[in-house]
**Student:** 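I'd like to ask you about the structure that follows.
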Protein chains: 2
Amino acid sequence: MIVSYHAAMTAPSHPRRPGPGRPREFDTDLALDRAIAVFSERGYQGAAISDLTQALGLTAGSLYKAFTDKRGLFLAAFDRYVALRTERLRAVLEGAPTGRAKIKAVLDFYADSSHGADGRRGCLVVAGAVDLATADPEVAARVTGALHLNEGRLAGFVAEGQADGTVALHLDPMATARLLLCVLQGMRVVGKTGRDRMEMAPLADNALKLLD
Amino acid sequence: MIVSYHAAMTAPSHPRRPGPGRPREFDTDLALDRAIAVFSERGYQGAAISDLTQALGLTAGSLYKAFTDKRGLFLAAFDRYVALRTERLRAVLEGAPTGRAKIKAVLDFYADSSHGADGRRGCLVVAGAVDLATADPEVAARVTGALHLNEGRLAGFVAEGQADGTVALHLDPMATARLLLCVLQGMRVVGKTGRDRMEMAPLADNALKLLD
DNA sequence: TCCTTTTGGGAATGATCATTTCCTAATTGA
DNA sequence: TCAATTAGGAAATGATCATTCCCAAAAGGA
């Protein structure tokens, strides 16, 4: 019997329809949250099933019944990671009135995610890019998709800023968005070496110069 | 008998003193060049010894006699990678007269390394950061060292640009260097998803706005 | 020439890993 | 209440992996 004292990190997936059979005793989202941490820290091949069963509090049998595969678990964790980050980003974006303010919020969000223990843990998209982009076409497609999603969001904010007068008109929204994307992903790489807030936070403000 | 048709990628390591015993039949630097490619593409744990022996054209016995360990091979490949990149960077820097021109050269160099097949292959420093930064303190120290080396170089160029009038004086050299470092490492991550030159090259010019 | 040393090569080894299997338990639906 | 279905659990399995061992070969030094 597994008892979850901590709820999942929010963003519940589609609730399971009851159906026949013994009900699942663990919270899938909570398990995926922990899988995200293990895969982010150790990489895909560096995360052994025994590491995962221990971190998720599951036996190998339950893990395989729920997620088919180590690869299936990674894909589920990846999808949840992207959904979770998207939701947190949306929350952070709520107060931002202008295109520039939205880009500032995104930069702050990534600077915050890239320092201290969270920074050391790293980004699952980056881990997927490094460990599986050349070996697993389906993971590669998801990594590409996640980056393009981000790039598109940023391009939208640049265009929005150009419309509201907070971003220079001479900039190419796509090229600027791609550069901002590099700044964000670069923060995640640099953050893996353990930087503090004093080092990362100022990057966000300085990067805004790219919008002038 | 192993015959090397291609010389190593330049930057020979310290030549081996002859000593007694059967002479080594393979070129250590060439072998390391190939190990760099395998580790960069597949990550540390994703690169099996059988992958490495095949790519290096060595048997497991020879590999272990020369490099002790899989870890030892990775460390040797890492050191060679950093040395090789440093030398190529130095070459690219030769024609650059001002601080700004040097930073432009660095950005161009990374944009070039991050597109096409080389971009897909990826950066060994990024791979080390993702796969081993939390698990292997010695590798973590080398990754940190490589990034700090780069950061310090960039800070020097910023200060140089401030002295020669090509970089704005109000900028903090360290903070600006750290932001440029994020741009560079971010290019390497984004490049893993297979971007072409048209996408990556303009990033270098646009990033120069950070120096105004 | 012979001894020492180091390498090349390939098979053997032992560990680790991902996955499966089998049994028990807990549900739903009839 | 019973059949069908699904989950929990732990041991077993088979594959893969990193590493070692052993032997033949190629050098230097005495």
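Just so it is clear, the model here is predicted, and its values are computed rather than measured. All chains are named by letter (A, B, ...) in the order of the sequence lines, taking the proteins before the strands, and each is independently numbered beginning at 1.
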**Student:** Starting at atom CG of B/L73, determine the distance to atom C1' of D/dT19, rounded to an integer number of angstrom.
**Tutor:**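 Whole-Å distance recorded here is 14 Å.
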**Student:** Side chain of A/R24 only, heavy atoms from C-beta on: which candidate in D/dA7, D/dA18, C/dT19 is closest?
**Tutor:**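 Of all the options, the side chain of A/R24 is nearest to D/dA7.
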**Student:** Here's a test of your reading of the structure: between A/I49 and A/K65, which maps to the more 5' nucleotide of DNA chain C?
**Tutor:**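 It is A/I49, whose closest nucleotide lies nearer the 5' terminus.
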**Student:** Mind listing the N/O atom pairs, protein and nucleotides 24-27 of chain D, below 3.5 Å?
**Tutor:**
residue	atom	partner	partner atom	Å
D/dA25	N3	B/R22	NH1	3.4

**Student:** Drop me the distance from B/T86's OG1 to B/R90's CZ, to the nearest 0.5 angstrom.
**Tutor:**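 Answer rounded to 0.5 Å: 10.0 Å.
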**Student:** For the pair made of CG in B/D51 and P in D/dC17, what is the distance, rounded to whole Å?
**Tutor:**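 To the nearest whole Å, that distance equals 7 Å.
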**Student:** Could you give the distance from CG (B/N150) to OH (B/Y110), rounded to the nearest 0.5 Å?
**Tutor:**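 Separation between the atoms: 4.0 Å.
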**Student:** Between B/K70 and D/dA18, is there a side-chain N or O to OP1/OP2 distance below 4.0 Å?
**Tutor:**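 So the side chain of B/K70 is within the cut-off, an N or O lying under 4.0 Å from OP1 or OP2 of D/dA18.
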**Student:** Does A/R71 qualify as a cation-pi partner of A/Y44, given the criterion of NZ or CZ under 6.0 Å from the six-membered ring centre and within 45 degrees of its axis?
**Tutor:**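 No, a cation-pi geometry is absent between A/R71 and A/Y44.
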**Student:** Is the closest side-chain heavy-atom distance between A/I36 and A/R121 below 4.5 Å?
**Tutor:**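 Contact flag for A/I36/A/R121 side chains = no.
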**Student:** Where do B/S113 and B/R88 land on the side chain to side chain donor-acceptor pair (under 3.5 Å) test, with the steps shown first?
**Tutor:** CA-CA 11 Å; B/S113 305; B/R88 286 187 56 193; 4.8 Å; no
**Student:** So with a 6.0 Å cut-off around CD of B/E87, is the heavy-atom count from everything else above 12?
**Tutor:**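 Yes - once you tally the heavy atoms of other residues, nucleotides and ligands closer than 6.0 Å, there are more than 12.
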**Student:** Return the CG to CG distance between A/L171 and A/L210, rounded to the nearest 0.5 Å.
**Tutor:**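 If I round to the nearest 0.5 Å, the distance is 8.5 Å.
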**Student:** Map B/D69 and A/A66 onto DNA chain D by nearest heavy atom, then report which one ends up closer to the 5' terminus.
**Tutor:**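 With B/D69 and A/A66 compared, the 5'-side residue is A/A66.
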**Student:** Can you tell me how far P of C/dC17 sits from CD of A/Q54, to the nearest Å?
**Tutor:**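 Interatomic distance, CD of A/Q54 to P of C/dC17: 12 Å.
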**Student:** Among C/dG9, C/dA18, D/dC17, find the nucleotide with the atom closest to the side chain of B/S50.
**Tutor:**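 Selected nucleotide (nearest to the side chain): D/dC17.
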**Student:** Evaluate the side-chain proximity of B/L124 to B/R85: yes if any heavy-atom separation is below 4.5 Å, no if none is.
**Tutor:**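 They are not in side-chain contact.
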**Student:** Which of these, A/L93, A/L184, A/L89, sits in a side chain to side chain contact (heavy atoms under 4.5 Å, CB included) with A/F109?
**Tutor:**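 Answer to the side chain to side chain contact (heavy atoms under 4.5 Å, CB included) test with A/F109 among A/L93, A/L184, A/L89: A/L89.
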**Student:** CG of B/L63 versus P of D/dT19: gap in Å, rounded?
**Tutor:**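 From B/L63 CG to D/dT19 P: 10 Å.
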**Student:** Between D/dT19 atom C1' and B/F74 atom CZ, what is the distance in whole Å?
**Tutor:**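 About 19 Å, once rounded to whole Å.
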**Student:** Any chance you could list the contact pattern along nucleotides 10-15 of chain D? Use B for base contacts, S for sugar-phosphate-only contacts and - for none, protein heavy atoms under 4.0 Å, 5' to 3'.
**Tutor:** B-----
**Student:** Just how far, in rounded Å, is C1' of C/dT19 from OH of A/Y64?
**Tutor:**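 The distance from OH of A/Y64 to C1' of C/dT19 comes to 5 Å, rounded to the nearest Å.
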**Student:** Rounded to whole Å, please give me the gap between CG in B/L56 and C1' in C/dG9.
**Tutor:**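 Distance check: B/L56 CG to C/dG9 C1' gives 15 Å.
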